[in-house]
Amino acid sequence: MFKKDFPYFIDNETIYLDNAATTQKPLDVINSQLAYYENYCANTHRSSFGHANEATKRFEDTRKILREFINAEFNEEITFTKGVTESINFIASAYAKNFETVIISSLEHHSNIVPWHMQGRSLGKGLEVVKCNENLDFDFKDFEKILKNTPNSFVSITHISNAFGKIHNIKRIISLAHKYEAVVMVDGAQSLAHMSIDVQDLDVDFFAISAHKTFGPTGVGAIYIKKEFLEKLEPYQTGGATIHEVDFNHSTLLDSPYKFEAGTQNIAGVIGFGEALKFISHIGYKNIETIEKDVFKYLDEELRKLPNILFYNDIKDTTGSRSFNFKNISHDDIGILVDKMNIALRVGHHCAQPIMKQLGIKGTIRVSIAFYNDYEDINKLIEALKKALSMLE
Ligand SMILES: *Cc1c(COP(=O)(O)O)cnc(C)c1O
């Protein structure tokens, strides 16, 4: 029903079920970027001619749209980045590096693991990992134990696991962390495609956002930084557009968020991201959640009918992604076969090797949906999986 708004789906045989890797882009998002390049291409925040002002205005419009979208209080709480990976690296090196302990969960994406290794942290040495149970539920008891032993730590946690679709109860995680005076960053890469976010209600300190996982362009993202932290943060890169005054001995920086946005930004990308957010608002999260819930439930039910299927978490507190294997069958073989049948899904470790190791597997088959996927997509997927299974028997 919504596929008509996405050029990718027009005259395309591919059944796209890899939305946790990236989402498709609506026509408005594509056109808005084209319009920038064709009609008013100019740098932002520098020159003062008409098109430069227009580019700056559209760029800053997205900041406002995003602020409203996640209910942040101030525009300066939004800094644009390349995506969640850069957002996490930025906060890790500009702020979290000063903390003795960083706490993550066992369900993290490599983007929220490797930056901590780069600071010389490892398990028990500046890095603590909260366990999950056999259904991949976050272990609050283990979390509280760690918080008690390491007060004033920095918690960096994913909202929704890209590998298993598991939703962390971040509101509860944040309030428990704050009780022990810990500061919290949430990896929201998978959030905005599926559910609305209210940063004030969550009382989150940092919230990382990815445009390309949210129907927007690649190479764009943002980090929400709660106002009280803005002054505590040093930029982790500097250069053009971040300064107030420079001579050869010293420079003074602009205010937030400009002091964090060094160099020419992905202007077309940011403008396109604004359109993506408008598009989501137009459809509404209520619709998105209702559609996805039905299709996701149908996916789960149909998958369960297949022989020897193995899941790692039940469908409760899970959204977007369903991860599974078939007993004694390689997920890679399934991936190769269904690709020949025009099914786009992902097989492998999904940038989350530690949890795969914990589960004693190399990877999974992951089907990840967005609101434009329908029952027909699931039927075609199941048909292809059945065919692949019969070939591998
Ligand atoms: C995709 C993803 C990332 C990386 O986001 P980019 O915007 O591509 O850098 C980080 N964490 C999770 C959970 C993801 O799904």
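Here the structure is a predicted model, which means the values were calculated and not measured. In listed order, ligands and their atoms are each counted from 1.
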Side-chain H-bond candidate by donor/acceptor type, Thr364 with His350, under 3.5 Å:
yes
Closest contact, heavy atoms only, Ala42 versus Ile267
O-CD1, 3.7 Å
Below 4.0 Å, non-hydrogen atoms only: which portion of Thr158 touches ligand 1? Side chain, backbone, both or neither.
side chain
In terms of the angle between their ring planes, are Phe371 and Phe279 parallel, tilted or perpendicular, with boundaries placed at 30° and 60°?
tilted
For ligand 1, is there an N or O atom under 3.5 Å from any N or O atom of Gln190?
yes
Has ligand 1 got any nitrogen or oxygen that is less than 3.5 angstrom from a nitrogen or oxygen of Asn162?
no
Tyr8 and Tyr16 aromatic ring geometry - parallel, tilted or perpendicular at 30°/60° bounds
perpendicular
Phe140 six-ring face occupied by Arg172 cation (under 6.0 Å, within 45°):
yes
Which of the numbered atoms in ligand 1 are under 4.0 angstrom from any heavy atom belonging to Gly83?
7 (O)
shortest atom 5 (O) of ligand 1-to-protein heavy-atom contact is with Val84 CB, 3.4 Å
Shortest reach to atom 4 (C) of ligand 1 by a heavy atom, considering only Thr85, Ile209, Asn112, Leu107
Thr85
Of the backbone atoms (N, CA, C, O) and the side-chain heavy atoms from C-beta on, which set of Asp187 has a member under 4.0 Å from an atom of ligand 1: side chain, backbone, both, or neither?
side chain
If you count the non-hydrogen atoms of other residues, nucleotides and ligands that lie under 6.0 Å from CD in Gln200, is the total more than 12?
yes
If you have a sec, work out which protein heavy atom is nearest atom 8 (O) of ligand 1 and how many Å separate them, to one decimal?
His212 NE2, 2.8 Å
Are Leu233 and Val102 grouped together when hydrophobic residues (ILVMFWY) are joined by side-chain heavy atoms under 4.5 angstrom apart?
yes
Taking 4.0 Å as the limit for heavy-atom contacts, which would you say applies to Lys213 with ligand 1: side chain only, backbone only, both, or neither?
side chain
